[in-house]
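Read through the structure below, which is laid out as structure tokens, and then see the notes.
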Amino acid sequence: NTVFDILFRKLCVSKEFEEVERLLEQILGTGWEISTHILFGVIRSCCKTDKLEKAQNVMKKIEQYGRSPGVQFYNGILKSLVSMKKFHMAQTIYNHMVSTQVSPNLQTFNIVMNALCLAGKVEEASGLLEEMGKRECNPDIVSYTTLIGGYFKAKRVEEAMQFINQAREMGCCPNNVFYNTIIDGLCKKGKMDEGLSLLAEMDAKGCAPDEITYSILINSFCNEGKMNKAMEFLDIMGEKNLNPNIITVNTILKGFCRIGLFDNAIQFLDKMEERGCQPD
RNA sequence: UCGCCUAUAUUCG
């Protein structure tokens with residue numbers, strides 16, 4: 001499998017998809033076990049380069065040899081297509097999946113929800129949320145977080161707030177990602193005070209703020225030119241034994257540069273390098 | 001019962 005992995009990787013980056021198909025046919029013909037992540041990688045490469053027909057050929061080939069991919073396999077492919085914003089491709093793969101009697105599960109729906117939100121189709125996304133309830137696949141905290149993030153990005157704060165309440169009413173257990181998404185949404189809509197009160201709430205509810213929570217707040221202070229507040233929160237992070245990561249550092253550098261404090265930026269960069277945070 | 005796969009921050013790309 002290690003050899004196959006290297007072989008397929010190289011063939012895919014050189015876009016030798018004809019050769020990929022031939023080789024795959026040979027391997028499957030021998031009945032050898034070939035690991036899922038290799039097949040997954042091949043299909044993903046096809047999709048990435050818009051070789052939809054190739055992706056389908058490979059999929060069919062796998063099926064011919066009785067290796068029908070399960071829902072997890074599809075979820076993995078759908079997720080990477082969605083993160084590449086290849087929505088049309090994702091749609092086709094989804095249709096294929098359904099046509100081969102593989103039922104979408106909660107994760108599949110959440111991926112589709114994310115796709116709709118990223119495509120700015122929040123109405124359809126909230127429609128899906130309802131649909132899920134009807135299909136004995138109740139939305140979970142991930143579904144709600146995705147949808148809420150979508151509404152914030154669509155600048156529809158009121159509706160985002162409604163879904164936050166709905167998530168609570170439905171008894172979804174809030175977690176860090178849920179809080180982080182909301183705090184980010186509020187801060188970016190100039191509602192920092194509300195964001196800060198959620199920070200207190202999450203702490204009180206046993207969701208310890210993490211690196212991402214702080215980078216959201218620091219980013220917000222930076223964008224308001226309040227570098228003293230940003231640095232204050234960096235210190236608070238340190239007190240909680242959370243280390244600033246490359247994103248935290250980049251955020252603060254941007255904050256200094258934005259208002260022309262280049263010396264402070266360089267000073268800060270040096271300090272972080274000393275502390276072992278290499279610039280990227 | 002427990003894990004796994006899905007959602008959140010910087011780069012206007």
Side-chain angles (χ1 to χ4, degrees), chain A residues 36-37 40 44 69-85 90 93-94 97 102-119 122 125-126 128-129 132 137-153 160 163-164 167 172-189 192 195 198-199 202 207-223 227 230 233-234 237 242-258 265 268-269 272 277-280:
Chain A
T36 305
H37 84 269
F40 167 87
R44 209 177 61 127
V71 66
Q72 271 202 42
F73 185 85
Y74 282 104
N75 286 349
I77 291 168
L78 290 173
K79 171 190 148 73
S80 57
L81 288 176
V82 169
S83 64
M84 294 184 287
K85 297 209 192 322
I93 299 282
Y94 180 85
M97 160 179 162
V102 177
S103 318
N105 63 13
L106 177 61
Q107 284 84 348
T108 319
F109 287 126
N110 286 342
I111 294 166
V112 173
M113 175 101 61
N114 194 25
L116 292 170
C117 287
L118 289 174
V122 285
S126 62
L128 177 62
L129 193 82
M132 287 168 70
C137 191
N138 286 328
D140 65 354
I141 191 65
V142 176
S143 325
Y144 278 104
T145 304
T146 307
L147 189 64
I148 290 162
Y151 271 99
F152 272 119
K153 291 213 168 75
F163 283 109
I164 293 168
C172 288
C173 182
N175 61 17
N176 274 32
V177 181
F178 177 77
Y179 280 110
N180 288 345
T181 302
I182 301 169
I183 293 174
D184 185 55
L186 290 171
C187 287
K188 285 183 176 155
K189 294 291 162 290
M192 269 227 78
L198 269 177
L199 175 74
M202 72 189 283
C207 287
D210 58 17
E211 291 86 347
I212 296 185
T213 320
Y214 285 105
S215 75
I216 289 166
L217 295 168
I218 289 171
N219 184 45
S220 203
F221 285 122
C222 286
N223 285 337
M227 293 311 292
F233 273 82
L234 186 72
M237 273 183 85
L242 294 172
N243 291 320
N245 59 24
I246 188 65
I247 295 184
T248 327
V249 173
N250 287 344
T251 303
I252 291 173
L253 289 177
K254 191 191 70 167
F256 279 128
C257 291
R258 205 183 65 90
F268 180 72
L269 184 62
M272 292 326 279
C277 193
Q278 293 298 327
D280 63 1

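The chains referred to below are lettered A, B, ... by the order of the sequence lines, with proteins before strands, and numbering in each begins at 1. Predicted model only: the values in this text are computed from it and were never measured.
Following rounding to the nearest Å, A:Tyr179 (OH) and B:rA9 (P) show an atom-to-atom distance of 18 Å. Going from atom CG of A:Asn180 over to atom P of B:rA9 covers 9 Å, rounded to whole Å. At whole-Å resolution of the value, CG in A:Asp184 and P in B:rU10 are 6 Å apart. Atom-to-atom, CG of A:Leu186 to C1' of B:rU8 comes out at 13 Å; the value is rounded to the nearest Å. When the P atom of B:rA9 is taken as reference, atom CZ of A:Phe152 falls 13 Å away, rounded to whole Å. Computed from coordinates, the A:Lys85 NZ to B:rG13 P distance equals 15 Å when rounded to whole Å.
With sequence neighbours excluded, no residue satisfies ring-ring contact (aromatic ring centres under 6.0 Å, His included) with A:Phe268. For A:Val112, the side chain to side chain contact (heavy atoms under 4.5 Å, CB included) criterion is met by A:Tyr94, A:Leu116, A:Leu128, not counting sequence neighbours. Every residue meeting the ring-ring contact (aromatic ring centres under 6.0 Å, His included) condition with A:Tyr151, not counting sequence neighbours, appears here in chain and number order: A:Phe163. Shown here are the ring-ring contact (aromatic ring centres under 6.0 Å, His included) partners of A:Phe256, two or more places apart in sequence or in another chain: there are none. Under the side chain to side chain contact (heavy atoms under 4.5 Å, CB included) criterion, A:Asn180 pairs with A:Asn176, A:Met202, A:Asp210, A:Ile212, A:Thr213, A:Ile216, sequence neighbours left out. In this structure A:Asn250 satisfies the side chain to side chain contact (heavy atoms under 4.5 Å, CB included) test together with A:Ile246, A:Leu253, A:Asp280, sequence neighbours excluded. Legend: residues meeting ring-ring contact (aromatic ring centres under 6.0 Å, His included) with A:Phe73, ordered by chain and number and at least two apart, are absent.
Side-chain contact, A:Ser143 with A:Asp140: a donor N or O sits under 3.5 Å from an acceptor N or O.
In this structure, A:Asn245 reaches the bases: a heavy-atom distance under 4.0 Å links it to at least one base atom across the strands shown. Looking at heavy-atom distances under 4.0 Å, A:Ile212 makes contact with a base.
A heavy atom closer than 4.0 Å to some atom of RNA chain B occurs in A:Ile247, A:Asn250, A:Thr251, A:Lys254, these being the qualifying members of residues 247-257 of chain A.
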What nitrogen or oxygen pairs link the protein and nucleotides 3-7 of chain B at under 3.5 Å?
from	atom 1	to	atom 2	distance (Å)
B:rC5	N3	A:Gln107	NE2	2.2
B:rC5	N4	A:Gln107	NE2	2.5
B:rU6	O2	A:Asn110	ND2	2.7
B:rA7	OP1	A:Lys79	NZ	3.4
B:rA7	O4'	A:Thr146	OG1	3.3
B:rA7	O2'	A:Thr146	OG1	3.4
B:rA7	N1	A:Asn175	ND2	3.0

